[in-house]
Undergrad: 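The structure's right below; bear with me while I get my questions together.
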Amino acid sequence: MNDLDGLKRTCYCGEVREEHVGSRVTLMGWVNRRRDLGDLIFIDLRDRTGLVQIVCDPVRSPHSFDAAKCLRSEYVVCVIGRVVERKPGTENPNIPTGNVEVLADTIKIFNCAKTPPFVVRDEAEPDESIRMKYRYIDLRRLPMMNNLKLRHEIVLAARNYLSANGFWEIETPAMTRSTPEGARDYLVPSRQEPGRFYSLAQSPQLFKQLLMISGVDKYFQICRCFRDEDLRADRQPEFTQIDIELSFTDEEQVYDLVEGMMKHIWKEVLGSDLCVPFPRLTWDEAMERYGSDKPDTRFGMEISDITDVIRDTEFSVFKNAIGAGGTVRAICVPGCAELSRQTLDRLTDKAKEIGAKGLISISYLPDKEIKSPVKKHLTQEEIIGIKQITGAEEGDLVLIVADEFDTAVGVLGRMRKEIAQHLGLIPEEAFDFVWVTEFPLLERNKEEGVWQAAHHPFTSPSTRDLKLLDDLDEQLKGKLRARAYDLVLNGVELASGSIRIHRRDIQEKVFELLDLSLEEAQEKFGFLLDAFEYGAPPHGGIAFGLDRFVMVVAGANTIRDVMAFPKTTSGSCLLTGAPSEVSPDQLKELGLRLIEDNTDHARARINQGKTDSPPEV
RNA sequence: GGAGGCGUGGUGUAGCCGGUCUAACAUACGUGCCUGUCACGCACGAGAUCGCGGGUUCAAAUCCCGUCGCCUCCGCCA
């Protein structure tokens, strides 16, 4: 009584409409809810498309009525019945199928279900850890189901677009060689060569460049990437890229291609027209105006440089900052002149938390009055000048940070976003794309003080900087620009790419800049350097973070909501229990031995019932 | 590695400046009643050693310490 018996579904629950009225349908799905009115039972039947109401009437069909009596939430059933229009006054405008209902003739139970750990209802979300443990139930909720669908549609549209534009989808190894640059690698021990390891690919970067050297010309891949770094709302240890590379290209061709792809996806998936080309900002401009390399351009409150206005000031905070080679920057917060002392203090604390020495406020009150803790240190001209440059009007609040450039704009950039969010100044429905171009080639690692590739070491220096490579001092290193670009959507870094180096001599010079000796370079990347000598075409590309992309389009706050089976912030999967211990035999086969470890942690976990076997250490 | 938040019946919350907590409310669950519900309604019922361990106290969900888990952020993420 629990297999299909030749039954065939005629349509999905959420698709039953007026046009089906009069016809018999066979539906299969889960019992979302049962409303037992005594001598009449309503069942909401659910599948991935939505809900439809089933009516079980003892007079019409005693058999199905009896069956309906024992149904419970999440039972899996087949319902055969006739679609009818609902009686006037009983329609439900809240669901798409609300004008019709199905009069059940037959109800067949495929499977019973235990009472679920949480109600499968769209609104109420239980704690995320419970959703993760029972992810298969969580995904039954239509918002989650719709996210999965959206993700599929975006991937499909991207794939179709790229294929139509001559790109071939080619797979590259997930298990590859560990390379020194970049994130921490996930390592896979080799059984056949004990003591050696594969690394899970952080991206297909090197392989796609080799494909260009092969003459593939246009490549793409929907590719899983692995990086062993700490998690965030928008970061998982395994994530998916839409990876694209093409030969004989420059920046403009990449921008064109990507804008076309976005336009296509918006049309196909959202049914709306996207305005292209996207605006562009150089990295310098982005930092100047937004204090971020991924500016949210959906709202104003841009950062102003007020250094010139107060250049001759006597106010020591400004004076000292400028004297030390720093700068004084400000943002104007509209309509917030009357913020309480307490709120301002909180903002100041926040600014200090993220690196500023302090936060100076000037309130331009409606009656031309000025309120500011530093009022007496500034001249009237300075106060007016600041008002003009920041575009502040009466009723507005100006927040000022005096510091090194990076700190000043960085702090204000973050304040800008947080305050705008708090004030509801961000139009949630908008999709504002912006290209950020001309990234620095190198950036200094704060901890070790060494220079690192800002994008990756295969990025071409900008053409005008090429001649500088031979004769560089430390100062110049930070000024070098790269042929690298990011696509930013609503303040989220969606995609990142560059025109690559395709000549051995230049690649070697860049390795040198990165303090990678020739021997090391040959040892780690020799295969690429060699390949450059066998006819490497100019090439470049871009890679999208698919999870973030879908997150933004779905309006989700975390990529976990657009991934079927994500991991927790500590990198574990609450559903499967990964990562798990493995048997001594497995370790032995790989030539591995665990070192003696403090097992308190493991023991505490066991006490919590989070693991099912004692550690094998 | 660091900072912060949270952890109370299945689920979501209240209680948290110690005693009246014999732990409240909603929902889910069970039984019964109900022919137009759609967050159905009504009645009754069952369900929690307050994450775990230790400490302070006459007394701990409540205070302290440790620990585990989840979340957010910094570092990290070519």
Undergrad: Using the C1' atom in both, what is the distance from C29(B) to U11(B), to the nearest Å?
TA: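 These two C1' atoms come out 11 Å apart once rounded.
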
Undergrad: Only pairs at least two apart or in different chains count here, so list each ring pair (Phe, Tyr, Trp, His ring centres under 6.0 Å) that has a residue in residues 225-245 of chain A.
TA: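 Non-adjacent pairs meeting ring pair (Phe, Tyr, Trp, His ring centres under 6.0 Å): zero.
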
Undergrad: In whole Å, I'd like the distance from the CD atom of E74(A) to the C1' atom of A28(B).
TA: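 One finds 12 Å between C1' of A28(B) and CD of E74(A), rounded.
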
Undergrad: If you take the centroid of each ring, where Trp contributes its six-membered ring, are F439(A) and Y485(A) closer together than 6.0 Å?
TA: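 When the ring centroids of Y485(A) and F439(A) are compared, they turn out to be at least 6.0 Å apart.
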
Undergrad: Parallel, tilted or perpendicular: which one describes the rings of F532(A) and H539(A), with boundaries at 30° and 60°?
TA: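 Taking H539(A) first and then F532(A), their aromatic rings sit tilted (interplane angle of 30° to 60°).
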
Undergrad: On RNA chain B, check which nucleotide each of E443(A) and K567(A) is closest to and give me the residue with the more 5' one.
TA: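 Per heavy-atom nearest nucleotide, the more 5' residue is K567(A).
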
Undergrad: Is there a side-chain polar atom (N or O) of T569(A) under 4.0 Å from OP1 or OP2 of G69(B)?
TA: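 So the side chain of T569(A) is outside the cut-off, no N or O lying under 4.0 Å from OP1 or OP2 of G69(B).
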
Undergrad: Would one find more than 12 heavy atoms of other residues, nucleotides or ligands at under 6.0 Å from atom NZ of K69(A)?
TA: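 Above 12, so yes.
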
Undergrad: Hey, is the main chain of G14(A) close enough, under 3.5 Å, to the side chain of T49(A) for a donor-acceptor pair?
TA: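 The answer is yes, because a donor-acceptor pair under 3.5 Å joins these two groups.
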
Undergrad: Quantified in whole Å, what is the P atom distance between nucleotide U37(B) and nucleotide G32(B)?
TA: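 Here U37(B) and G32(B) have their P atoms 23 Å from each other.
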
Undergrad: Pick the C1' atom in C52(B) and in C68(B), then give their distance to the nearest Å.
TA: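 Nearest-Å result for C52(B) against C68(B) at atom C1': 7 Å.
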
Undergrad: Taking only the side-chain nitrogens and oxygens of S570(A), find out if one of them lies under 4.0 Å from OP1 or OP2 of G69(B).
TA: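 It does not, given that no N or O in the side chain of S570(A) lies less than 4.0 Å from OP1 or OP2 of G69(B).
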
Undergrad: Give a yes or no on this: more than 12 heavy atoms of other residues, nucleotides or ligands lie within 6.0 Å of atom CG of N557(A).
TA: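 Incorrect, the count does not exceed 12.
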
Undergrad: Take atom C1' in A60(B) and the same atom in C74(B), then report the distance between them in whole Å.
TA: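 Rounded to whole Å, the distance is 35 Å.
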
Undergrad: Reckon S73(A) has a side-chain N or O less than 4.0 Å from the OP1 or OP2 of C29(B)?
TA: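 Yes, because at least one side-chain N or O of S73(A) sits under 4.0 Å from OP1 or OP2 of C29(B).
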
Undergrad: Considering only the P atoms, how many Å lie between C50(B) and U22(B), rounded to the nearest integer?
TA: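 Here C50(B) and U22(B) have their P atoms 12 Å from each other.
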
Undergrad: Quickly work out the R235(A) CZ to C74(B) C1' distance and round it to whole Å.
TA: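 One finds 10 Å between C1' of C74(B) and CZ of R235(A), rounded.
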
Undergrad: Would you check if the side chain of E18(A) reaches a backbone N or O of V100(A) as a donor-acceptor pair within less than 3.5 Å?
TA: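 Side chain of E18(A) to backbone of V100(A), a donor-acceptor pair under 3.5 Å: no, none is there.
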
Undergrad: Could you go through nucleotides 11-15 of chain B and list every protein N or O atom that sits under 3.5 Å from one of its N or O atoms, giving the distance for each pair?
TA:
from: U11(B); atom 1: O4'; to: P117(A); atom 2: O; distance (Å): 3.3
from: G12(B); atom 1: OP1; to: D127(A); atom 2: N; distance (Å): 2.6

Undergrad: Determine whether D561(A) and T558(A) satisfy the following criterion, side-chain hydrogen bond (donor to acceptor under 3.5 Å, both in side chains), listing intermediate values before the conclusion.
TA: CA-CA 6 Å; D561(A) 280 350; T558(A) 158; 5.8 Å; no

Undergrad: Do S580(A) side-chain atoms and G577(A) backbone N/O form a donor-acceptor pair below 3.5 Å?
TA: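 No.
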
Undergrad: With both distances kept under 3.5 Å, what pairs with C40(B), Watson-Crick or G-U wobble?
TA: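 When the pairing criteria are applied, nothing turns out to pair with C40(B), so the answer is none.
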
Undergrad: Write down the distance between CD1 (I354(A)) and P (G4(B)), rounded to a whole number of angstrom.
TA: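 Nearest whole value for this atom pair: 17 Å.
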
Undergrad: With sequence neighbours left out, write down each residue that passes salt bridge (charged side-chain N to carboxylate O under 4.0 Å, His left out) with R503(A), or none if nothing qualifies.
TA: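 With sequence neighbours excluded, R503(A) shows a salt bridge (charged side-chain N to carboxylate O under 4.0 Å, His left out) to D505(A), given in chain and number order.
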
Undergrad: Taking only N and O in the side chain of R232(A), is any of them less than 4.0 Å away from OP1 or OP2 of G75(B)?
TA: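 No, no such contact exists.
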
Undergrad: Indicate whether any N or O donor in one side chain lies under 3.5 Å from an N or O acceptor in the other, for Q53(A) and T97(A).
TA: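 No - no donor-acceptor pair under 3.5 Å links their side chains.
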
Undergrad: Of the listed nucleotides (G30(B), C77(B), U35(B)), which one gets closest to any side-chain atom of R227(A)?
TA: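 My answer, after comparing the listed nucleotides, is C77(B).
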
Undergrad: So, using ring pair (Phe, Tyr, Trp, His ring centres under 6.0 Å) as the criterion, who are the partners of F220(A) when residues are at least two apart?
TA: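 Partners of F220(A) by the ring pair (Phe, Tyr, Trp, His ring centres under 6.0 Å) criterion come out as none, since no residue qualifies.
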
Undergrad: Can you tell me if the side-chain N/O atoms of T115(A) get under 4.0 Å from OP1 or OP2 in C29(B)?
TA: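 Checking T115(A) against C29(B): no side-chain N or O falls below 4.0 Å of OP1 or OP2.
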
Undergrad: Please measure how far the P atom in G12(B) lies from the corresponding atom in G51(B), and state the result in whole Å.
TA: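 After rounding to an integer number of Å, I get 13 Å for this pair.
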
Undergrad: Just the rounded figure in Å: distance from P of G1(B) to CD of E229(A).
TA: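 The distance from CD of E229(A) to P of G1(B) comes to 13 Å, rounded to the nearest Å.
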
Undergrad: Mind checking whether Y134(A) and Y136(A) have parallel, tilted or perpendicular rings, split at 30° and 60°?
TA: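 The arrangement is perpendicular - the two ring planes meet at more than 60°.
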
Undergrad: May I ask you to say what R414(A) touches in the nucleic acid, namely base, sugar-phosphate or nothing, with a heavy-atom cut-off under 4.0 Å?
TA: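 Sugar-phosphate, no base atom in range.
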
Undergrad: With sugar-phosphate meaning primed atoms plus P, OP1 and OP2, does Q205(A) contact a base, only sugar-phosphate, or nothing at under 4.0 Å between heavy atoms?
TA: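 It contacts base atoms.
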
Undergrad: Contact class for R60(A) vs. all strands (heavy atom < 4.0 Å): base, sugar-phosphate, or nothing?
TA: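 Counting heavy atoms under 4.0 Å across all strands, no contact is made by R60(A).
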
Undergrad: Using Watson-Crick or G-U wobble geometry with both distances under 3.5 Å, which nucleotide pairs with G45(B)?
TA: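 Across any shown strand, G45(B) pairs with C29(B).
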
Undergrad: If a protein heavy atom is under 4.0 Å from the base, mark B; if only from the sugar-phosphate, S; if neither, -; do that for nucleotides 37-50 of chain B going 5' to 3'.
TA: BBBB----------

Undergrad: In the strands shown, is A23(B) matched to any nucleotide by a Watson-Crick or G-U wobble pair with both distances under 3.5 Å, and which?
TA: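 Partner of A23(B): none found under 3.5 Å.
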
Undergrad: Give a yes or no on whether the backbone of D105(A) and the side-chain of R60(A) come within a donor-acceptor separation of less than 3.5 Å.
TA: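 No: the side chain of R60(A) does not pair with the backbone of D105(A).
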
Undergrad: If we take the P atom in both A46(B) and U31(B), what is their distance in whole Å?
TA: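 To the nearest whole Å, 15 Å.
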
Undergrad: How long is the line joining CD1 of I559(A) and P of C71(B), in whole Å?
TA: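 Checked: the CD1 to P distance equals 12 Å.
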
Undergrad: Between R560(A) and P457(A), which has a closest nucleotide on RNA chain B that is more 5'?
TA: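 Closer to the 5' end of RNA chain B: R560(A).
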
Undergrad: Looking at residues 133-147 of chain A, who's got a heavy atom less than 4.0 Å off RNA chain B?
TA: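 Contacts with RNA chain B under 4.0 Å: none.
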
Undergrad: In whole Å, what separates the C1' atom of U8(B) from that of U49(B)?
TA: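 Comparing C1' positions in U8(B) and U49(B) gives a spacing of 12 Å.
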
Undergrad: Could you state the NZ-P distance from K114(A) to G10(B), rounded to the nearest angstrom?
TA: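 Distance, rounded to whole Å: 13 Å.
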
Undergrad: For U72(B), what is the paired nucleotide under Watson-Crick or G-U wobble rules, both distances under 3.5 Å?
TA: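 Its partner is A3(B) (Watson-Crick or G-U wobble, both distances under 3.5 Å).
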
Undergrad: Under a 3.5 Å cut-off for both distances, is C50(B) Watson-Crick or wobble paired, and to whom?
TA: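 Paired with no nucleotide.
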
